[in-house]
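Proteins get letters first, then strands, A, B, ... in listed order; numbering begins at 1 in each.
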Amino acid sequence: MSSTISLMTQSSSRQFWLTRPFGERATQIFLGVLFAALLLVTVLHLALPQGHPLHVNAYTVNLFGKYLSYALLAVAVDLVWGYLGILSLGHGAFFAIGGYAMGMYLMRQIGDRGTYGDPVLPDFMVFLNWDSLPWYWLGFDMAWFAFAMVLLAPGLLALVFGFLAFRSRVTGVYLSIITQALTFALMLAFFRNEMGFGGNNGLTDFRELLGYNLRSNDTRLGLFIATGVALALGYILCRAIVTSKLGRVCVATRDAEARTRFIGYRVERFQLFVFVVSAMLAGLAGALYVPQVGIINPSEFSPIFSIEIVLWVALGGRATLYGAVIGAILVNYAKTIFTGVMPDAWLFALGAMFVLVTVLLPKGVAGLLLHLKRRKKSATLPKEATA
Amino acid sequence: MSLLQSLTTRDRVFDFMAPQASPVDVRHGPILYMEDVSVSFDGFKAINNLNLTIDDGELRCIIGPNGAGKTTMMDIITGKTRPNAGSVWFGSRHNLLQMNEPDIASLGIGRKFQKPTVFEALSVFENLELAMAADKRIFPTLTARITDEIKDRINEVLETIGLAELRYQPAGILSHGQKQWLEIGMLLMQRPRLLLVDEPVAGMTEQEMERTAELLTGLAGKQSVVVVEHDMGFVRSIARKVTVLHQGGVLAEGSMDQVSSDPKVVEVYLGADDEEAA
Ligand SMILES: Nc1ncnc2c1ncn2[C@@H]1O[C@H](COP(=O)(O)OP(=O)(O)OP(=O)(O)O)[C@@H](O)[C@H]1O
Ligand SMILES: [Mg+2]
């Protein structure tokens with residue numbers, strides 16, 4: 001899998017690391033398909049009248065936007081799991097923290113239009129009889145500060161957590177378990193009212209983002225496009241990392257950690273760096289998700305959600321990045337359909353899908369694509385030879 | 001060099017451009033010098049008053065029955081095991097007993113372990129690239145480019161280890177023997193002065209052994225090579241000088257013919273081996 005990728009990088013390895021992915025066929029196809037999809041949805045939404053069979057309504061645009069933010073989250077997980085071998089079962093926590101940072105900004109944008117009409121305090125704080133904002137809510141009325149926190153807060157958590165874990169060489173299944181514990185602990189904390197994040201109900205009733213009304217169709221379309229662009233940028237960043245020498249050190253660490261350390265790389269620092277980058281991307285995904293669904297509550301911290309993300313990546317195919325995108329979109333599309341028909345059976349369906357893919361497509365959908373491509377190539381080769 | 005110094009000595013501003021002189025001083029004698037070294041594990045003397053000198057550029061074979069202390073000796077040289085007594089010098093300047101493992105490695109002592117581990121998902125070329133002596137911190141690694149100079153160096157090593165044709169293949173598809181050569185290549189990328197090679201031909205086919213013999217004899221001269229090996233045919237094919245270890249000490253030393261006719265050696269080692277072979 002990664003060997004085919006590494007072959008492709010060989011010719012372009014002399015370029016500047018951030019522009020290197022553009023020389024890759026796989027990235028070009030991915031970006032082409034993504035932008036074509038963004039354009040198509042936009043055109044079908046704006047140009048066709050309501051009631052036209054091909055019209056994409058605002059609800060669907062919104063739904064697609066949600067899928068794209070999940071796709072970005074899956075790319076972040078694939079970066080650490082696929083290339084570095086760190087099976088994080090706690091990435092939902094970084095996603096949720098990014099979401100809460102955005103939610104706090106949106107809460108403060110409500111101003112005095114809440115039920116209680118307090119110019120500063122969000123409704124739930126008035127309800128709790130608080131008379132001032134807790135210190136960690138300060139600054140969130142400023143967009144630049146809130147958007148910085150979208151990246152910095154999950155990044156900082158990942159830095160501290162990763163520093164402790166990787167320094168003591170906690171990897172493998174133990175790391176997976178403590179990442180689950182991390183997200184579970186955060187869920188319990190965020191459930192508590194006195195934490196100041198709205199407890200059980202979380203943050204909701206948002207009105208505006210940067211002055212745009214969140215309930216308008218145009219804002220929804222804008223958020224959908226912004227999420228698509230964020231996915232493209234996140235994807236390019238991840239590809240730039242995995243096609244660099246640092247990416248090769250990651251793969252080396254994944255496959256033979258002690259050996260990598262032995263030839264002089266400070267493995268724990270590489271793990272920490274990539275883990276923090278991944279957490280920040282997950283935070284960004286959460287921040288784009290929240291205004292589109294209109295709420296953030298502690299259920300995003302639930303351990304099962306973090307496991308689900310890993311399933312998307314496994315289904316799509318590890319260590320390809322585009323596989324993660326395919327997996328996230330496919331599974332969530334299936335989820336939308338399934339929960340409409342038989343909501344109780346969704347988890348069973350997910351489990352069955354996972355078992356089937358592991359048995360039939362051990363390398364996921366991306367593995368199937370690569371296999372088909374190779375078959376096609378070997379089928380066309382003899383023809384070329386005779387021609 | 002301190003900042004102040006570097007500012008005052010204007011003629012040496014571009015230090016990094018000067019060819020790097022090897023810090024190892026071999027003008028006054030051998031590259032490796034071990035004297036009266038002893039190690040005991042829970043009272044059991046694995047190494048017992050061992051004396052050994054390796055000359056610069058020499059190819060030395062070390063043989064000895066199981067448990068003679070060959071691997072332990074390498075552990076001492078590379079800093080993995082600390083001896084209870086004795087001294088170990090690298091050139092005339094570096095006391096290896098006062099250094100830790102990474103420092104010893106960066107000084108130019110490369111070690112190949114018995115079991116080969118290469119990065120299977122990466123290509124042969126990339127395996128060598130990662131092993132190369134370079135700035136191995138995060139950001140230099142992230143922005144590193146493969147310059148022509150680096151490419152030349154990797155190609156040179158690819159030729160030496162005979163894997164030039166397989167450079168873009170993932171290392172995972174290599175045969176056992178080819179993996180061993182790749183490992184030796186990864187050591188060579190760090191431009192070592194002394195190579196320690198533990199049982200390189202175990203599990204190799206006859207042809208692979210021949211190639212390995214060529215490879216190791218080709219390396220000698222450019223760097224010093226110490227080979228631990230059980231296979232007598234192989235040792236005979238490469239050896240110029242052989243050291244026989246037994247119970248943690250040197251039993252005999254000399255050419256293969258001298259050593260194999262030494263009655264002490266025949267008794268503890270070769271005799272038993274020949275009987276087995278017969
Ligand atoms: N860490 C250790 N603790 C206890 N005993 C050890 C340790 N390392 C080595 N020994 C013992 O020291 C002796 C020498 O071991 P060593 O591995 O150096 O032998 P060797 O010559 O490499 O043998 P072989 O040919 O089997 O590889 C053996 O009896 C071994 O059991
Ligand atoms: Mg041994």
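Put simply, CH2 on Trp17(A) and CZ on Arg145(B) are 12.0 Å apart, with the number rounded to the nearest 0.5 Å. Considering CG of Leu130(B) and OG1 of Thr253(A), their distance stands at 9.0 Å, rounded to 0.5 Å. Between Phe125(B) atom CZ and Arg248(A) atom CZ the span is 8.5 Å, to the nearest 0.5 Å.
The residue among Ala240(A), Ala252(A), Ala256(A) with the most heavy atom pairs within less than 4.5 Å of chain B is Ala252(A). With chain A as the partner, the residue from Ile138(B), Thr143(B), Asn127(B), Thr117(B) showing the most heavy-atom pairs under 4.5 Å is Ile138(B).
Closest heavy-atom contact between Lys245(A) and Ala144(B): CD-CB, 3.8 Å. Contact record, Leu142(B) with Leu246(A): CA-CB, 3.8 Å, taken as the closest heavy-atom pair.
Listed by sequence position, Arg259(A), Thr260(A), Phe262(A), Ile263(A), Gly264(A), Tyr265(A), Arg269(A), Phe270(A), Phe273(A) are the residues of residues 259-281 of chain A in contact with chain B, using a 4.5 angstrom heavy-atom cutoff.
For the side-chain hydrogen bond (donor to acceptor under 3.5 Å, both in side chains) test, residues two or more places apart in sequence or in another chain that qualify with Ser175(B) are Gln178(B), Glu208(B).
In this structure, the portion of Met186(B) lying under 4.5 Å from any heavy atom of chain A is its side chain and not its backbone. Proximity to chain A is limited to the side chain of Ala134(B), based on heavy atoms less than 4.5 angstrom apart.
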